[in-house]
Amino acid sequence: VFLGSVGVVSEQQVRDRSVVVASGNVGLYDLETGSLLFDTLSVEAVGSGESREEAQRVAFSRFGSIAAYLQSAWLFKR
């Protein structure tokens, strides 16, 4: 099972754009043993948009894409 957490670590206004940085990690756990099989460690993603909400959506979406890629790369190496 995949478990993780992500949150906003900074928000800034740059000219007419909102910029949000999201940071977190995702781990893959074995349900039978409860052991951690893989952890993305710390992943940061930056999003920008016309509003804070849009910038957050972009940052969280990018975080998800990065975490999914890291997990997939690990799974396919096995």
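All of these numbers come straight from a predicted model, not from anything done at the bench.
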Peer 1: Any side-chain heavy-atom pair from S23 and S42 closer than 4.5 angstrom?
Peer 2: yes
Peer 1: OH of Y69: more than 12 outside heavy atoms within 6.0 angstrom?
Peer 2: no
Peer 1: With a 4.5 Å heavy-atom cut-off, do S10 and V8 have their side chains touching?
Peer 2: no
Peer 1: Would a single hydrophobic cluster contain both L70 and V21, if residues Ile, Leu, Val, Met, Phe, Trp and Tyr are joined by side-chain heavy-atom contacts under 4.5 Å?
Peer 2: no
Peer 1: Just wondering, do R52 and Q13 contact through their side chains at under 4.5 Å, heavy atoms?
Peer 2: no
Peer 1: Are V26 and F63 close enough that some pair of their side-chain heavy atoms sits under 4.5 Å apart?
Peer 2: yes
Peer 1: So do V46 and V19 actually touch side chain to side chain, heavy atoms under 4.5 Å?
Peer 2: yes
Peer 1: Can you tell me how far apart CD (Q12) and OG (S18) are? Round to the nearest 0.5 Å.
Peer 2: 10.5 Å
Peer 1: With a 4.5 Å limit on heavy-atom distance, are the side chains of T40 and W74 in contact?
Peer 2: no
Peer 1: Kindly indicate whether the side chain of L28, heavy atoms from C-beta on, has any atom under 4.5 Å from the side chain of L75.
Peer 2: yes
Peer 1: Measure the CD-CZ distance between Q71 and F38 for me, rounded to the nearest 0.5 Å.
Peer 2: 5.0 Å
Peer 1: Got a donor-acceptor contact below 3.5 angstrom from the S61 side chain to the R57 backbone?
Peer 2: no
Peer 1: Determine whether S5 and N25 make a side-chain contact, defined as any pair of heavy atoms from C-beta on separated by less than 4.5 Å.
Peer 2: yes
Peer 1: Starting from V6, can I reach V58 by hopping between I/L/V/M/F/W/Y residues whose side chains sit under 4.5 Å apart?
Peer 2: no
Peer 1: Could you pull out the closest heavy-atom pair between G47 and R62, with the gap in Å?
Peer 2: CA-NH1, 4.0 Å
Peer 1: Do I66 and L41 belong together in a cluster built from hydrophobic side chains that touch within less than 4.5 Å?
Peer 2: no
Peer 1: By side-chain contact (heavy atoms from CB on, under 4.5 Å), which residues pair with Y29, not counting sequence neighbours?
Peer 2: V1, L3, L36
